[in-house]
Amino acid sequence: MKNDYIPYPAVIESIITESFDTKTFRVKFTDKKIADNFSYVQGQFMQISLMGTGEAPISISSSPSRKGFLEFSIRSVGKLTKKIHELKVREKMFIRGPYGKGHFPFEEIKGKNLIFVAGGIGLPPLRSLINLIMDNRKDFENVKILYGCKTADEFCFKDELKAWNKIPNTEVLLTVDKKTDDWTGRVGVVTELWKDADIKSDNAVAFLCGPPIMIKFVVQKLEGSGFSDKNIIMTLERHMKCGIGKCGHCNVGDKFICVDGPVFTCAEVKKFPKKDGAM
Amino acid sequence: MIKKTLTSCIYCGCGCGMYLVSDGNKLIGTEPSENHPVTQGSLCVKGWNAHEFVNKKSRLTHPLIKKNGKFRKASWDEAYKLIADKFQTAQKEHGNDSVAFFSSAKTSNEENYLMMKLSRAVFKTNNVDHCARLCHASTVAGLAATFGSGAMTNSIEEFERADCFFIIGSDTTSQHPLIGSRIITSIKERGAKLLLMDPRKIHLSEMATVHAQQKNGTDVALLNGLMHIIIREGLEDKKYIKDRTENYNELKELVKDYNPQYVSKITGVSEDKLVEIAKIYATTRKAMIVYSMGITQHTTGTDNVKSCANIAMLTGHVGIECAGVNPLRGQSNVQGACDMGALPNCYTSYQKVTDENARKKFEKAWGVKNLPGEVGLTVTEVVDGLGTGKVQALYIMGENPVVSDPNQNHVIECLEKAKFLVVQDIFLTPTAEYADVVLPAASYAEKDGTITNTERRCEKMRKAIDAPGEAKPDWLILGEFAKACGYNKMLYKGPKEIMDEITTVSPHYAGMKYSRLEPFGLSWPCLNDKHPGTKYLHKDKFAKGKGTFMPRPYIAPNELPDEEYNFLLSTGRIYWHFHTRTMSGLTTTLEREAPVPYVEINPVDARALGVRNGGKLKVTSRRGSVELIATVTDKVCVKSCFIPFHYIEGSANILTNNAIDPVAKIPEYKVCAVKIERVSQ
Amino acid sequence: MTKKVINKSDISKLLIDANNEYNVYVPMEHIGGDVLFSALSKEKNSLEEDVKRINLASEKTFNSPKEIFYPQLETMMEYNDKGEIKETVESSKKLVFGVRPCDFHAIAHQDNFFSKNYEDKYYLSRRENSLIVIIGCNTPPRPEACFCTSVGTGPFLTEGFDIQLVDLDDYYLVEIGNEKGADFIKKHEKYFSDPYRDEIKHAERKKLEAEEKINLKVNFNKALQIMKTEEIPQDNLERIAERCIECGACVYVCPTCTCFDVFDDVKCGEGVRCRIWDTCVFSGYTREASGHNPGAKKEFRAARRYEHKLKYDTLETGISGCIGCGRCLHSCPVDIGMSNFIKEITTNQKYH
C-alpha cells in the first residue's frame, strides 16, 4: 500500500525574490524515477515539508507545459514559510502530491475569452494556468489579467506581468490599495479595474483567486457583468494538514477542499453552507 | 501494546483522575476516569492532551554543568558534588541563611516534604518556599487567621448541589474547568444563582444572575459594602455569629461607614447591584464563595481573603454542606506543597518553625539537632536577596521564576547576580538558562507519589513509563543530593516509605497510608488510620475554635493609573495555556489555539489608539515594556487591559509590579499602571 | 448462521491461547473500577494478572476501541538530517474482544472513511489483520445516554460481524458471522460446543429484553430529514455555545471522529512527524496562516459538528456519522449531547 503521507526530497534549482515577502522556488525531485513518473495539472497543489518544522499546502505556480521542474511561489507568513524562505539553492525541501481533483479546465475553455482576477498571493495558483495558456496562446481569444495588491512592492512575477502584457490580445491591469511614491497606476481594490477593462461575459470564463472578501466582491462584479455561476471559477484556500481528505480541517459541507478542490466553480461554492464563509 | 495507568492530571488544582495511555515507553493518549469523583468521565482540553509534552525530544536527559557560559553533559555524581560544595561553601562564608530552596507545586507531596527536609535538616535554614507565594499565600494567611485553616472548605462534589455561587476573582471555566462546568450545570439544570464579581467579562458572565464589574483592587470595599447592606437589612445569621464567632462588634463598627453610596463610588458597582448581591447571598443557605487570583494577588490580598471569610461567617455560610469559602488552587499540588511545609514559616500540617515543641518533634523524627527557629525568606525575598548578596546560592525544583515572577527584568538581574543557581526541571526552561547546574527530572508520568488537589484530596499519581535518558524522579534526586551533603536519612525505597514518615509527623495526614489512598484518595484532615477523611471543614466548630471576624479597611492598590501611565493592567491565565507554557506550549492543540501573546483592550480605546484587532501595541509600565498583538474586545472595561502571563515572548511580568502584600508577601499581579502605544507596521 | 456456546469460565483460557497469535485487546478493569480497553500482556506473570481484570459486563466499558486502530497520538515517520525518512507503520495481528455493537458500526464508518479517495496506510495497516468479537449489550453501558435503538445500531447486530456473543448468564451464545470468525472458532474449537435449542431461544429473548432496556428514545430519522432540508435554529446553537467550555470531549470520545493535526518533534537532526487527534469544536482548527478564520464563532463550530454527523456523512454513504453510543453526552461536563440536540430539533423543546 502506498503511504501518501511520506514526502520526497526535492532540490532547489533557483530562487526568485518576487516581493518583500514572496519568493518563487524552482525545485526538482532528487530521485530521477520519481521525477520521470511525475506529472500534474494546472490548479493542483502539493504538500511542502521541512522535516522538523512542518508541512503546508502550496499551489504549484508553474505551468504543466514547462516540464522538468516545479515552481512554488511562497509568501512568508508562518513558522514553516519563514523557514522555507531561509533556504538556499541546492538545499532540499520535501514534497508530496500533486493533490486536488478539482483543477482548472483547459480543453474546455479553448476558444474563449479569459479573465483572471487575483489579489495578493492569489496570483501564483492562477499563473500555472496563465502560462499554460500563453504556451498555447493561439487557442484562446482575449485574455485579461486583473491583479491587485496592498502596495506596489507586493506584486509577484513582475517581469512576467510585463511580458504577458506585450502578447497580442493580452492585457494586464494592476491596482494597489495604498499608493507609494513609485506607483503611478490605479489605486483602489481590484474591482476598481472594471473601470479600465472592458469586461464582457460573452464567450468568457473568469478565474479568481484571493482573500474571501475579494472573492465576494469580484463575484458580485462579474455577475453584474453577466457572468453565470458556472463560468466563474475559483481556487480556494483552507487550513489543511494532510492534503488527502483525512485530517478534516478543510472540510466544507460534504466537500474537502483538498480532494474535491481546490478549484471550484462559483455554482459549486454557492452550494457550500453559507456560514462557512467561502464567499 | 496499549497499557493504561491511572494517575492524577498535572495541570490545575482540580486533580482530575485520568488514564495515561502508553505504548511501550511512549505516551499515546489520555482518558478520563469514569469513577473518579472529580472527573466522572470528563476532562478539560488540557487534561485530554496531558500526554503529548512528556514525549518531547527537548526533555532534559542528562545533568548539565555550565562552563564558560555553555552547558556540558555531566554525571550525576559530579553534579551532586559540585552543588554540595558550592552550597556548603556559601554557608561557611555567609551563614546558614545564605542558601535557599524553591520547592514545586508540580511535584508530589513526598518531594515537597523532602525539599523542606533538605532545607531544614541538612542545611539548617528555613529559606524554603514555592509558588504558592505567588498565588495563595494570602489565602493561607487570611483563612488561617479567621478560620484556623487555609484551604478550600468544601469538596468539588458539593458544587453539584449548591444553590448560589458567589464568585469573586475567579475565571472558573478557564482555570478550573471541571469546577466551572459544575457551576454551569447547576445554573442551567437546577436554576442555581450566580453572583459574579469580576472586572472582566468572562464565560460565566453570560449566565450570571448579577455581574458586578468592580474596579480592580476594590474588593475589600465591595465586600465591606455587601456586609453593610446585610447588617442594615438584618440578614446576618445572629445565632451563628453568637455561637461560633468572635469579634463581631469590631466588624459591625468598621462596615458602618461602607454605605452603598460610598462603596458604589469606590468600586464602580451600582447600588442596586450591591443590594441584589447582598440579599441573594445572605438569604440562600447553600451559598458558596468561590475565589481565586482575583482576590489573592493584591497588596491587600490577605485583607481580601479575610473580608471573604467575614462575609461568610456573617451569614452563617461556613461549616455546612454546600456552603463555604472556596479558594481554588491553581496547581496540581499547590495545596500539598503548602501542607508539606514547603513554606518558610512552617513544617508539615502548618506546624510553626517558631514553636519549640514543633522543632523538637522534627529534630527527633529526622535525627538532627538545632533546627532553625526563625522564619525564612519567601520566594519574592529570596529573589531580591540574590540581587543584594544576602542569598548566595539557590536550588530551584520545578519552578520558572523568570516567567512567573513579577518585574521580569528585576528577576533576571537578580538571577544573573546569583553566585550559584541550580535548576531541576523536565525542560531547559527560561530560568534554567541562568543556572550553573541543571538536573533532569522525571515528569509526572514517570513516577509514583501523591498530590493533594484543591479540595484537600490526597491522591496517587502512578508511573506509566520510564523517564528519558538519565532523568530521575525528584524524590530520588533530593535524597541522593542529601547523601552527597553527608545526610543519609533521605534515601528511601520509594514514595510510599516517604509518606509513611509524613504520616507520623503531620496530624492532617496521619491516616493517609498508601494502602488507604486507593483508589481515589482521601481529603484531609485525616487524623488516624480509621478516619474517613473530611468532606467539608469547620463542621460544628472552626479549626481554631471560634471563627474570628477580621474587619479590614479598604486600601487602594499600590500603583494606579495616572496621567502618564493611564491604563490599568491586570494579568492572568487563559484556558488554553498553563503557567509558563513549558508543558502547554509543547502541546500541539493548546499551542495552536493560543499561539501568540496578546493584550485585550476595549474597542473604545482601540479606536482612540487607531489599532485594529490583530494590530501591534506597545505596552509600557515603570518597569519595562513589551510589544503585543491587540485583541479588541469588550471583555475589558475602558482604560483597562488584560495580558495573559504565560508567554516568555511577550511577558506580562516585564510590566507587573513587585509590590507585595505586607503579610503574605504576595505580589500585586492584578493591578498596575501602564501606557499603551500603537506600533506602526 | 452457525452458532456455538462457550462457558464464561473458558473465556480467559481462550484469550490466553489467542494471545499467542494475536495482540488481544479486551475491556479490563482498572483501579477504582474503570473498565477500559487494554492489551493483554505477553509476559506470563502479568498475563495471569491481566486476565483476572477482564470485565465483559455490558454495562461497563467506557471507551470505544477507536484508539486501537487510530491512536490519539501516532508517529507517522522518523527522519534524520541526512534526509532519510522512514515510515512507522504498525500492522500486528489483533483480536479486539468485547466490542459493542454500536462501536462496530463506528469501525465500519472508519474503514470506509480511511480507505476512500486516498488510503490511509496507518489506519488500514493497524486494522488489516484484526478480528473483532462483538458482545451485545444486555443492559446499556450508559443508561442515561445510550440511544442505539433509535439509530438502529444496537443493542445487538444482525449481520456484518465476525463473531458476536450473547450473554446468557453462565454461557455466551456465539454467533459466527463470516468465514474469518469461523476460522477462529475452529482453531479454538475445544472451548466451544453446539448450543441447545433452548439456549438459542434464550438468546433471542435476551436480545428483545435488551432492546426494551434502552430507555432513551429519539426520533433519529426525523432529525436526519430536518438536517437535510433545514438550517439549525440559531437559538439552539447559541444555547449550546453558551454552555460549552471547549473541552473537546465530544470529539475525543466519539467513535467516528477522525480529524487530526500533524506536528514535528526534532532534536539534533533526529525527528519524528506525528499525528494527534484534533477537534473541530476549537477555533484554531480552521484558522488559516493569514489569520482568516471561518470558524471563529462557537455557534458555527457546533453547527458544523452536528451537520457533519447528521447531514453530510449521511448524504455520502447513507450511514449516519452518529452511532447512538451516547458518549458525547456522557463525557460532556456541561451535559451537551447529540441526543439532546436531536430532541431539540425534533420536538422544539429545550434540552440545553
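Proteins come first, then strands; the chains are lettered A, B, ... in the order of their sequence lines, and each starts at number 1. All of these numbers come straight from a predicted model, not from anything done at the bench.
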inquiry  = Using side-chain heavy atoms (C-beta onward) and a distance below 4.5 Å, is Leu124(C) in contact with Met1(A)?
reply    = yes

query = Quick one: does NZ or CZ of Lys94(C) land under 6.0 Å from the six-membered ring centre of Tyr25(C), within 45 degrees of the ring axis?
reply = no

request  = Go through the atoms of Pro7(A) and report whether side chain, backbone, both or neither lie under 4.5 Å from a heavy atom of chain C.
outcome  = both

inquiry  = Heavy-atom pairs under 4.5 Å with chain C - which of Asp4(A), Asp254(A), Val259(A) has more of them than the others?
reply    = Asp254(A)

task = With the side chain counted from C-beta on, respond yes when Val117(A) and Val190(A) share a heavy-atom pair under 4.5 Å apart, and no when they do not.
result = yes

query = Tell me, side chain or backbone of Val89(C) under 4.5 Å from chain A's heavy atoms, or both, or neither?
reply = side chain

Pairing of Glu13(A) and Arg26(A) as salt bridge, 4.0 angstrom limit = no

inquiry  = Given heavy-atom pairs under 4.5 angstrom as the criterion, report whether the side chain, backbone, both or neither of Phe114(C) touches chain A.
reply    = both

key: Interface moiety of Tyr79(C) toward chain A, non-hydrogen atoms closer than 4.5 Å   = side chain

request  = For chain C, find which of Lys255(A), Glu55(A), Lys92(A), Lys246(A) contributes the most heavy-atom pairs closer than 4.5 angstrom.
outcome  = Lys246(A)

message = Given the ring of Phe157(A), does Arg127(A) sit roughly above its face, with NZ or CZ under 6.0 Å from the centre of the six-membered ring and within 45° of the axis?
response = yes

Residue Lys79(A) versus chain C: region with a heavy atom under 4.5 Å = neither

request  = Mark yes or no: Lys93(C) above the aromatic ring of Tyr22(C), with NZ or CZ under 6.0 Å from the six-membered ring centre and no more than 45 degrees from the axis.
outcome  = yes

note = Counting heavy-atom pairs under 4.5 angstrom with chain A, the leader among Lys311(C), Lys116(C), Lys86(C) is Lys116(C)

message = Quick check for you: among Ile85(C), Asn80(C), Asp81(C), which has the greatest number of heavy-atom pairs under 4.5 Å with chain A?
response = Ile85(C)

ask   = Among Glu288(C), Arg273(C), Arg275(C), Met76(C), who wins on heavy-atom pairs under 4.5 Å with chain A?
value = Arg273(C)

request  = Heavy atoms only, distances under 4.5 angstrom: which of Cys259(C), Gly271(C), Cys257(C) has the most pairs with chain A? Name it, please.
outcome  = Cys259(C)

inquiry  = Counting heavy-atom pairs closer than 4.5 Å to chain C, which one of Ala56(A), Cys250(A), Ser49(A) comes out on top?
reply    = Ser49(A)

request  = Against chain A, label Asp278(C) side chain, backbone, both or neither, depending on which of its atoms sit under 4.5 Å from a heavy atom there.
outcome  = side chain

key: Cation-pi, Tyr306(C) ring and Arg301(C) (6.0 angstrom, 45 degrees)   = no

remark   = The interface call for Ile121(A) against chain C, heavy-atom contacts under 4.5 Å, is neither

ask   = So, Asp21(A) and Arg75(A), do they make that salt bridge, N to O below 4.0 Å?
value = yes

message = Please determine whether a side-chain nitrogen of the Lys or Arg among Asp229(A) and Lys270(A) lies less than 4.0 Å from a carboxylate oxygen of the Asp or Glu.
response = yes

key: Atom group of Tyr99(A) that falls short of 4.5 Å from chain C, counting heavy atoms   = both

message = For the backbone of Cys209(A) and the side chain of Thr235(A), can you confirm whether one donor and one acceptor N or O come within less than 3.5 Å of each other?
response = no

